[in-house]
Amino acid sequence: MNNDLSSYFEDPEFKDILAKYEGMVENHTPTYFDAEELTDIAEYYASQGDERKAEDAIDFALRLHPTNTDALVFKSRSLCIRGQLDEAYRVMNLIEDPSDREVQFLKADLLIEERRMEEAEAIYDELAKSEDESLEVLLDIFMTYMDANQMEYASKWLERIHTKGYNVHNSQKYRDALCDFCMTFGQPEKATEAFHLSLDEQPYSIPHWNGLAKCHLAQNDIEKAHEAIDFSLAIDENNLEALEVKGFCHLQNQNYEEALAIFLRLLPDAKAPSRIYALIVKCYLDMEMATEAKDTCLEWLKKCPQMTGFEKSEVFSYIALCYFNLQQPEEGMRYIDAALDLEPYFRGAILQKGMLYLQLQENKKAENLFQKVLDISPDYEQSEILYNIANCYFFLNMYPETIEWCKKITAGYPDEQMEALYLIACSHYGMFDIESCLKQLTEIWNISNHQFEDDYLNDKRFKHMFTNIAIMSKNNRQKEQ
């Protein structure tokens, strides 16, 4: 199999093979392919998020080449991803050479899925030693842990790479792995440096310009994000990923019409249409066009019938939110119950159901659901959940209750209180208690080194308050003069 599949998929040779395969499927004409070609085709479909076509390709490969190691590895790994571990082990055991490098990685993958981390680590240690701790094997192990979202073990192997003295300046693969790590685990400033190093060597690399733009977006530097993504689009104005990032830039700047236009343009050719549908719905909701958002959700359900249960529950929760905004809580409740039937512990849906109960003035039922979300959430997420609950009350202009929930954050999580302080100020403003609002803003000013952060100044919940407070202050100064 090809190690750099992402670039191989753009190769004319692969495109010819893919066209030949798709012609065979469409016309039902038996055609021979070798196992490597079919496995690469399956990898391609998997990279596009089309699991059904990936499975069809690999099943065809196994009908032609039932003992091929790469095809069996792919099949076993896909079964593992779907949670069919027993079947994944059965397929793995069909492989004739269990000592094969890819088989060892597969075995470790299955152990990680079962949380048998010590056994997986033992396999990786042996693999690393057998290949003299080469950068390639260390990066492969590191990326396996990244794919499994195992930050602790990924960090350990990244440190092992550092300890061996490998230089990020001399390896593109190392830089790409480091960027992936930093972006995944919230260190975009470090990824920015690595992307710049890569672009010094490959100034026309669209993936690296796109990655740099995402780094700037993660750091809320929208201007630099626009600059980086415009370089991508200057190289290829039709690059789908670059256009999506450009849409994100507009979304971050609250330029909803521009963002919406881009996402609507992307939808017909989208590799992952569900993601684009979600962005379109967000644009409509932010533009207060709930009917259009609801209609888009219904189209989404119709056009993407292969969605998982969790994906469907997300769409149902979006529809429920649309009905909340349309002041139709009974209809919203029907959809949120459908979401929870599919995913009973979907915390976002439980919060939404609580908000619908508030809209129905069944406050006690809402409080019980909010407490349920707190009970099933880990300690490190408690302040975020409390803030989301406070927002439920805020959206319904229930300002005293908003302040009550925010004060649970300021009392219990002082290091994470800033958003809550702004929401308290805005709640006082909503109650026309300007004196308390100004007092709260003064507290924020003093603990924020005498500044208000742009994120809050531009937040539509707070923007109206800041604008009117500024006008009032200006009028008062003029009266004093």
Side-chain angles (χ1 to χ4, degrees), residues 1-9 39-40 42-51 54-55 58 69-85 87-89 91-92 100-128 131 134-161 166 171-188 190-191 194 207 210-211 214-215 218 241 271-272 274-275 308 310-311:
M1 290 186 50
N2 298 280
N3 291 325
D4 189 6
L5 283 171
S6 60
S7 60
Y8 177 64
F9 293 153
T39 306
D40 285 347
E43 292 276 9
Y44 168 77
Y45 285 130
S47 74
Q48 307 301 300
D50 197 329
E51 294 181 14
E55 285 301 303
I58 209 65
T69 296
D70 284 342
L72 288 167
V73 166
F74 184 98
K75 181 68 176 179
S76 178
R77 189 167 277 125
S78 65
L79 289 165
C80 173
I81 290 169
R82 296 204 302 269
Q84 298 174 242
L85 275 173
E87 189 65 11
Y89 273 112
V91 172
M92 183 184 72
D100 180 274
R101 184 183 194 271
E102 290 303 314
V103 180
Q104 291 298 301
F105 269 97
L106 170 62
K107 186 175 182 181
D109 281 350
L110 300 185
L111 290 169
I112 291 171
E113 189 67 20
E114 294 182 291
R115 298 295 184 265
R116 294 161 61 183
M117 306 306 290
E118 288 186 11
E119 294 172 71
E121 280 285 273
I123 290 174
Y124 288 144
D125 278 326
E126 284 300 316
L127 278 167
E131 297 184 30
S134 67
L135 179 59
E136 181 179 2
V137 70
L138 295 179
L139 284 174
D140 285 345
I141 295 168
F142 164 74
M143 290 306 298
T144 300
Y145 279 125
M146 284 289 297
D147 291 341
N149 201 32
Q150 293 287 337
M151 182 180 181
E152 178 186 349
Y153 290 93
S155 300
K156 172 185 171 181
W157 284 88
L158 185 61
E159 181 59 33
R160 191 158 169 174
I161 293 169
Y166 291 112
S171 170
Q172 183 61 58
K173 187 175 180 180
Y174 187 5
R175 283 197 295 272
D176 289 344
L178 185 61
C179 288
D180 193 9
F181 177 83
C182 293
M183 289 297 290
T184 301
F185 298 116
Q187 301 173 29
K190 292 182 181 178
N210 292 348
K214 291 176 185 177
C215 285
E241 183 184 16
K271 298 175 181 177
S274 282
R275 186 170 71 244
T308 65
F310 181 74
E311 288 170 334

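Here the structure is a predicted model, which means the values were calculated and not measured.
- The SG atom of C80 sits 13.5 Å away from the NZ atom of K75 when rounded to the nearest 0.5 Å.
- Taking the salt bridge (charged side-chain N to carboxylate O under 4.0 Å, His left out) definition, one finds that K156 meets it with E121, sequence neighbours left out.
- You'll find the side chain of Q150 reaches within 4.5 Å of the side chain of R115, heavy atoms only.
- Aromatic ring centroids of F181 and F142 lie under 6.0 Å apart.
- With S76 contributing its side chain and L72 its backbone, the two residues share no donor-acceptor pair below 3.5 Å.
- With sequence neighbours left out, the salt bridge (charged side-chain N to carboxylate O under 4.0 Å, His left out) criterion links E241 to K214.
- A distance of 4.5 Å separates CG in D109 from CZ in R77, rounded to the nearest 0.5 Å.
- Between I58 and A71, the closest heavy-atom pair is CG1-O, 3.7 Å.
- At a threshold of 4.5 Å between non-hydrogen side-chain atoms, the residues L79 and Y89 do not count as touching.
- E131 is listed as a side-chain neighbour of R101, based on a closest heavy-atom distance under 4.5 Å.
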Q) Should E55 and S78 be marked as a side-chain hydrogen bond (donor to acceptor under 3.5 Å, both in side chains) after you check the CA-CA gap, both sets of side-chain angles, and the distance that decides it? A) CA-CA 8 Å; E55 285 301 303; S78 65; 2.9 Å; yes
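- A salt bridge is defined here as a Lys NZ or Arg NE, NH1 or NH2 lying under 4.0 Å from an Asp or Glu carboxylate O, and K173 with D140 meets this definition.
- Two residues are said to be in side-chain contact when any heavy atoms from C-beta on lie closer than 4.5 Å; I141 and F105 meet this criterion.
- To the nearest 0.5 Å, atoms NZ (K190) and CG (L178) are separated by 8.5 Å.
- Looking at L138 and R160, their side chains come closer than 4.5 Å, going by heavy atoms from C-beta outward.
- In plain terms, the two heavy atoms of Y124 and I112 that are nearest each other are OH-CD1, 3.7 Å.
- Two residues are said to be in side-chain contact when any heavy atoms from C-beta on lie closer than 4.5 Å; T144 and W157 fail this criterion.
- Minimum heavy-atom separation, V73 to L106: CA-CD2, 4.0 Å.
- For the pair D180 and D176, the minimum side-chain heavy-atom distance is 4.5 Å or more.
- Going from atom CE of M92 over to atom CG of L85 covers 10.5 Å, rounded to the nearest 0.5 Å.
- Closest heavy-atom contact between A177 and M143: CB-SD, 3.7 Å.
- Residues C215 and A191 share a closest heavy-atom pair of SG-CB, 3.5 Å.
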